[in-house]
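We number each residue from 1, following the sequence as shown.
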Amino acid sequence: MKLDNTGLKDRKAWEDAGYKLPQYDREEVVRKTAEAPFWIHFGAGNIFRAFQANVVQNLLNDGVLDRGIVVAEGYDYEIVEKMNRPHDNYSILVTLKADGSIEKTVTGSVTESLALDSENAVEYDRLKEIFTKESLQMATFTITEKGYSLTNGKGELLPAVEEDFQNGPQKPVSYIGKVSSLLYARYQAGELPIAMVSMDNCSHNGDKLFDAINTFAEKWTENGLADKGFKAYVNTKEKVSFPWTMIDKITPRPDASVEEILKKDGIEGLEPVITSKNTYVAPFVNAEESEYLVIEDAFPNGRPALEKGGLMFTARETVDKVEKMKVCTCLNPLHTALAVFGCILGYNLISEEMKDETLKKLVEGIGYTEGLPVVINPEILEPKEFLDTVLNVRIPNPFMPDTPQRIATDTSQKLAIRYGETIKAYKAHPDLDVSELKLIPLVFAGWLRYLMGVDDKGNTFEPSPDPLLSTLRPQLAEVKLGETKNVEAILKPLLEDEKIFGVNLYEVGMAEKVCGYFEEMIAGTGAVRAVLEKYV
């Protein structure tokens with residue numbers, strides 16, 4: 001059994017092994033999509049394959065759609081060359097359900113995959129051709145928050161971006177430069193309307209995409225490299241929209257245990273590829289069952305009935321409320337707490353942590369007790385129900401191979417949103433007091449303890465990648481288990497840093513509590529566990 005056009009001709013073998021197969025004439029779908037594409041997606045990674053591509057597959061199966069989706073990869077072209085094309089753009093989605101059952105789907109909704117490479121004339125001309133089609137309704141993105149950035153950590157323009165500003169839209173080299181040049185081709189084809197939809201997991205993602213593309217439009221028109229009308233086109237909502245979205249689906253990297261299941265079914269050629277850019281890709285993707293995609297309904301060229309595939313379309317204000325509910329209260333803060341303490345206590349799976357009564361109680365307290373009182377109900381999703389699903393189904397799912405080490409990545413960039421917003425809401429609320437918060441400061445202390453890179457047994461470990469590690473860890477270098485005095489003097493510069501915590505912890509009256517917890521956590525081996533049991 002091979003995952004390609006030839007191998008899938010033996011439908012019976014696949015169906016007998018329990019695979020759901022495409023229920024449509026794929027050749028016809030490929031032909032129609034090539035002629036009149038309606039959706040192009042940038043970012044050929046796991047979340048796209050597990051979520052958006054599967055939504056389109058279901059709608060093709062149901063006859064709601066008659067065309068598939070085109071995918072473009074702009075960061076790592078090897079994904080297209082070594083994974084998409086050898087498998088004729090098919091992939092396998094393995095849905096890992098909380099009841100222990102798994103669902104195996106062969107997804108065939110991706111009809112064409114292209115490298116967003118301006119050096120490759122054939123690929124780039126095809127992308128331009130797609131962008132000049134009247135049928136194209138939307139371009140969507142999962143390129144990570146970093147993908148929209150035109151500057152480095154110091155705020156300096158990236159060299160590729162600077163080069164593109166000077167050279168114009170003909171042959172750009174930066175990611176957003178290339179996307180802007182495709183949009184410019186659409187402008188030149190008669191100012192055709194389109195929705196440019198970021199589906200990345202970051203706040204007000206549509207604005208990030210708009211800011212990046214608008215900067216290119218400004219620079220190119222200023223430098224006489226593009227028609228003056230291009231900037232106006234990008235800024236006219238009736239022609240080009242940049243909707244906000246909220247996406248939520250846990251999609252860990254392809255897991256070896258899932259690969260074994262597929263091998264036992266008789267599927268060949270499942271070996272993952274690690275590209276020269278260190279991207280880990282496989283012919284399959286594993287993901288949880290729960291998924292949410294809430295989208296601002298702003299589509300100047302119309303859109304298909306994607307709500308029939310479970311996507312939720314609403315007003316911008318509602319998207320904002322849903323996003324805040326998820327990121328500031330009902331999911332992300334709980335994940336971060338489990339990540340930090342999971343690394344210190346030696347856990348390798350998030351689901352295993354939920355069997356630890358103390359850690360379970362910790363995240364329940366952060367969600368129900370400290371978070372829910374300040375959530376604004378977005379109506380489209382009920383906060384308590386969402387939180388119930390997170391705590392009772394999603395995070396404890398023993399079949400999801402998600403790790404605290406993965407989630408602990410970039411924690412310094414996450415605390416301000418995941419906890420700082422709740423602290424600010426307490427400050428602003430007439431009936432709530434910041435001093436009531438006991439568990440959020442406990443997580444802050446836990447994170448500072450985590451930065452020491454020493455677990456609760458006294459063994460060293462490598463903290464997950466984080467842009468501030470090289471700055472923060474030296475500040476804690478003097479701290480040693482069981483012997484440090486003057487903890488407050490060491491921690492003060494960190495606790496005052498609003499960029500990290502979203503607030504100055506001294507000004508909101510939380511610094512003393514964090515210092516106290518931290519001091520107890522460095523008393524010796526086993527101290528972190530003791531502190532958690534004492535205060536949770």
> Looking just at side-chain N and O atoms, do Y124 and S181 make a donor-acceptor pair shorter than 3.5 Å?
Replying inline: yes
>> Quick check on Q23: does its CD atom have over 12 non-hydrogen neighbours (other residues, nucleotides or ligands) under 6.0 Å away?
In response: yes
> Are side-chain heavy atoms of T33 and I69 found at a separation under 4.5 Å?
Replying inline: no
> Would you say the ring centroid of F386 lies under 6.0 angstrom from that of Y292?
Replying inline: yes
> Any Lys/Arg nitrogen of R85 or E123 sitting under 4.0 Å from an Asp/Glu carboxylate oxygen of the other?
Replying inline: yes
>> Testing the 3.5 Å rule here: is there a donor-acceptor pair between the side chains of N205 and T245?
In response: yes
>> Regarding E27 and R31, does a basic nitrogen lie under 4.0 Å from an acidic carboxylate oxygen?
In response: no
> When you check the gap from the basic side-chain N to the acidic O, do R394 and D248 get nearer than 4.0 Å?
Replying inline: yes
> Going by atom types only, do N58 and K20 share a side-chain donor-acceptor pair under 3.5 Å?
Replying inline: no
> Looking at E35 and K32, does any basic side-chain N land under 4.0 Å from a carboxylate oxygen?
Replying inline: no
>> Students often mix this up, so state it plainly: with edges at 30° and 60°, are the rings of F230 and Y184 parallel, tilted or perpendicular?
In response: perpendicular
>> Looking at every non-hydrogen atom in both residues, tell me the closest pair between I247 and Q52 and how far apart they are.
In response: CD1-NE2, 3.7 Å
